[in-house]
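Sequence positions, counted from 1, serve as the residue numbers for this chain.
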Amino acid sequence: MTEATHSWSVRANYWNSWRAVGGHLAVGGGELAFTPHFFDRLLLGKGFRARLADIVDVTVERSGAIPRKRIFVRTTDGETARFLVPEADEVAARIDAARAAA
C-alpha cells in the first residue's frame, strides 16, 4: 500500500465565496473532503466533498489579497474549491498522488 492510498488529513481553511471556513481537509475512502470545525458549522459554514476520480486538476497559486499559496481543486462538474493549508505544495502533491491512485 503506497502513501497515496492511505487516509490522511490536514488543518485547512476552505474559501467559499467571500468567507473562509476553518476545519480539516482529508483524503480517504476514495474522496477528498473538507469538514468544518464545530463552531463554523454553527455559523452555517459549508463543507466540500468530491470523489478523487472526479478531480481533474490540482494547482497551487497565489491569488488576490492572500499572500500565502492556496490549493485550487477543479472537478469534472466545473467546480473549483480553494483551500489554504500549511505546506500547500506538499499537500497538493499528496492530493494529486491520491487522485492518480484512484
Self-check item: Minimum-distance pair of heavy atoms, taken over all atoms of Ala53 and Ala102
Solution: N-CB, 4.4 Å

Self-check item: Atom CD of Glu79: over 12 foreign heavy atoms under 6.0 Å
Solution: yes

Self-check item: Euclidean distance, Lys69 NZ relative to Leu84 CG, rounded to 0.5 Å
Solution: 12.5 Å

Quiz item: What are the two closest non-hydrogen atoms of Val60 and Ala88, and how far apart are they?
Solution: CG2-O, 3.8 Å

Quiz item: Should the heavy atoms of other residues, nucleotides or ligands under 6.0 Å from CZ of Arg19 be counted, would the total exceed 12?
Solution: yes

Quiz item: Within a strict 4.5 Å, meaning less than it, do heavy atoms of the Phe34 and Val21 side chains meet?
Solution: yes

Practice problem: For Thr75 and Ala50, work out which heavy atoms get closest and say how close. | Solution: CG2-CB, 3.9 Å

Quiz item: Under a 4.5 Å cut-off applied to non-hydrogen side-chain atoms, are Phe83 and Ile95 in contact?
Solution: no

Practice problem: Of all the heavy-atom pairs spanning Val10 and Pro86, show the shortest one and how long it is. | Solution: CG2-CD, 4.2 Å

Exercise. For residues Val27 and Leu52, determine if any side-chain heavy atom of one lies less than 4.5 Å from a side-chain heavy atom of the other.
Key: yes

Quiz item: Gly28 and Ser7: which non-hydrogen atoms are nearest, and at how many Å?
Solution: CA-OG, 3.5 Å

Quiz item: Out of curiosity, does Val73 fall in the hydrophobic cluster containing Trp8 (side-chain heavy atoms, cut-off under 4.5 Å, transitive links)?
Solution: yes

Quiz item: Out of Arg99, Arg51, Arg49, which one pairs with Glu31 under the salt bridge (charged side-chain N to carboxylate O under 4.0 Å, His left out) rule?
Solution: Arg49

Practice problem: Over 60° means perpendicular and under 30° means parallel, so classify the ring planes of His37 and His24, tilted if in between. | Solution: perpendicular

Quiz item: Can you tell if the side chain of Tyr14 reaches within under 4.5 Å of the side chain of Leu25, non-hydrogen atoms only?
Solution: no

Practice problem: Rounded to the nearest 0.5 Å, what's the gap from CG on Asp54 to CZ on Arg74? Could you check? | Solution: 16.0 Å

